[in-house]
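Comments concern the structure below.
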Amino acid sequence: MHKVRFITLLFFGSTAIAQQTHEKQAVHQVIRNMFIAMQTGDTALFRSCFAPKVIFQTIVTKENQTQVKSEDFEAFIKNLTKYPKGALDERIKFKGVHQDGTLASVWTPYQFYYQGKFSHGGVNSFQLVKLGNAWKIQYLIDTRRK
């Protein structure tokens with residue numbers, strides 16, 4: 001009887017771990033797709049990474065004053081088409097995914113290169129929501145520094 005319980009617990013535990021791993025990989029892929037879309041100028045792929053009412057913000061500090069600036073999502077997409085393919089290259093490192101059901105939070109330090117030259121770095125903070133069977137970015141805020 002104890003063996004049956006142990007095997008059952010082992011099976012369901014393994015299944016839960018596999019599901020968590022799958023979800024984290026899916027979250028990572030949405031974020032990777034966003035950066036691939038930026039690099040290639042693929043506005044359809046870029047748009048597909050986001051929830052319908054996405055919030056885009058950046059934290060800037062000027063003259064020792066910190067401000068949170070909101071960016072217009074549609075204007076950002078329109079600007080993507082102005083750059084040659086490969087001009088925008090944001091290199092990130094995943095620093096963990098925290099997930100609870102249909103909510104995920106991801107922290108990614110980054111370095112941004114424009115036409116092969118370092119421009120700035122900082123950290124991206126993503127909040128994703130699982131809508132149907134797909135993870136979508138609902139909120140993106142970043143820091144920017146030289």
Side-chain angles (χ1 to χ4, degrees), residues 7-146:
I7 290 170
T8 302
L9 286 173
L10 186 62
F11 172 75
F12 285 114
S14 297
T15 302
I17 291 170
Q19 180 63 26
Q20 287 175 341
T21 300
H22 171 74
E23 294 296 343
K24 285 182 180 181
Q25 289 172 346
V27 166
H28 281 197
Q29 193 59 54
V30 170
I31 293 169
R32 280 189 204 101
N33 286 348
M34 183 195 85
F35 290 116
I36 290 168
M38 283 176 57
Q39 197 170 43
T40 61
D42 186 339
T43 58
L45 177 60
F46 190 82
R47 188 180 299 281
S48 75
C49 298
F50 293 91
K53 294 186 180 187
V54 61
I55 299 169
F56 248 34
Q57 293 183 317
T58 190
I59 300 169
V60 293
T61 303
K62 291 183 182 177
E63 301 173 6
N64 292 326
Q65 295 293 319
T66 300
Q67 298 175 354
V68 177
K69 294 175 106 178
S70 294
E71 297 187 41
D72 182 74
F73 181 71
E74 294 301 324
F76 191 92
I77 289 176
K78 187 176 180 181
N79 282 334
L80 282 180
T81 63
K82 295 179 182 178
Y83 297 101
K85 290 183 181 181
L88 308 176
D89 181 15
E90 189 160 334
R91 301 172 191 176
I92 65 170
K93 293 182 181 179
F94 286 97
K95 291 290 184 178
V97 174
H98 300 281
Q99 181 204 349
D100 182 37
T102 58
L103 172 68
S105 179
V106 182
W107 185 270
T108 62
Y110 74 89
Q111 293 182 321
F112 184 82
Y113 294 81
Y114 178 69
Q115 295 187 334
K117 293 181 182 176
F118 178 76
S119 170
H120 62 277
V123 172
N124 297 311
S125 175
F126 294 91
Q127 301 298 311
L128 295 93
V129 179
K130 192 167 187 184
L131 300 174
N133 292 325
W135 286 98
K136 301 289 182 177
I137 301 166
Q138 174 60 49
Y139 180 56
L140 171 57
I141 189 167
D142 64 55
T143 60
R144 295 180 190 177
R145 60 185 171 278
K146 290 281 179 181

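Only heavy atoms go into these numbers, but all of them, side chains included; no hydrogens, no water, no symmetry mates.
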- [ ] May I ask you to test the L80-L88 pair for a side-chain heavy-atom distance under 4.5 Å?
- [x] yes
- [ ] State, yes or no, whether a side-chain contact exists between Q99 and V27 at a heavy-atom distance under 4.5 Å.
- [x] no
TODO: Could I get the full list of side chain to side chain donor-acceptor pair (under 3.5 Å) partners for Y83, not counting sequence neighbours?
DONE: none
Task: Derivation of the side-chain contact (heavy atoms from CB on, under 4.5 Å) call for W135 and V129 - done: CA-CA 6 Å; W135 286 98; V129 179; 5.6 Å; no
- [ ] Would you sort out whether R47 and E74 count as a side-chain contact (heavy atoms from CB on, under 4.5 Å), showing the intermediate values?
- [x] CA-CA 9 Å; R47 188 180 299 281; E74 294 301 324; 2.8 Å; yes
TODO: Just jot down the side chain to side chain contact (heavy atoms under 4.5 Å, CB included) partners of D142, sequence neighbours excluded, or say none.
DONE: T58, Y110, N124, R144
Once rounded to the nearest 0.5 Å, what's the spacing between atom [atom1] of [X] and atom [atom2] of [Y]?
X: S48; Y: K136; atom1: OG; atom2: NZ; value: 5.5 Å
X: C49; Y: R32; atom1: SG; atom2: CZ; value: 12.0 Å
X: H28; Y: Q25; atom1: NE2; atom2: CD; value: 8.5 Å
X: K130; Y: L103; atom1: NZ; atom2: CG; value: 12.5 Å
X: N79; Y: E71; atom1: CG; atom2: CD; value: 9.5 Å
X: S125; Y: Q57; atom1: OG; atom2: CD; value: 10.5 Å

Task: For the student: nearest non-hydrogen atoms of L45 and D42, plus distance - done: N-OD1, 2.9 Å
Open item on the list: How close do G122 and R145 get, counting heavy atoms only, and between which atoms?
Closed with: CA-NH1, 3.6 Å
TODO: Would you check, one step at a time, whether the test side-chain contact (heavy atoms from CB on, under 4.5 Å) holds for F35 with R91?
DONE: CA-CA 8 Å; F35 290 116; R91 301 172 191 176; over 6 Å; no
Task: ring-ring contact (aromatic ring centres under 6.0 Å, His included) partner of F56, the single match among Y139, F126, F50 - done: F50
Task: Option among L140, V30, V97, T102 that satisfies the side chain to side chain contact (heavy atoms under 4.5 Å, CB included) test with L128 - done: V30
TODO: Identify the residue among Q111, K117, Q115 that makes a side chain to side chain contact (heavy atoms under 4.5 Å, CB included) with Y113.
DONE: Q111
Task: Over 12 foreign heavy atoms within 6.0 Å of CG, D100 - done: no
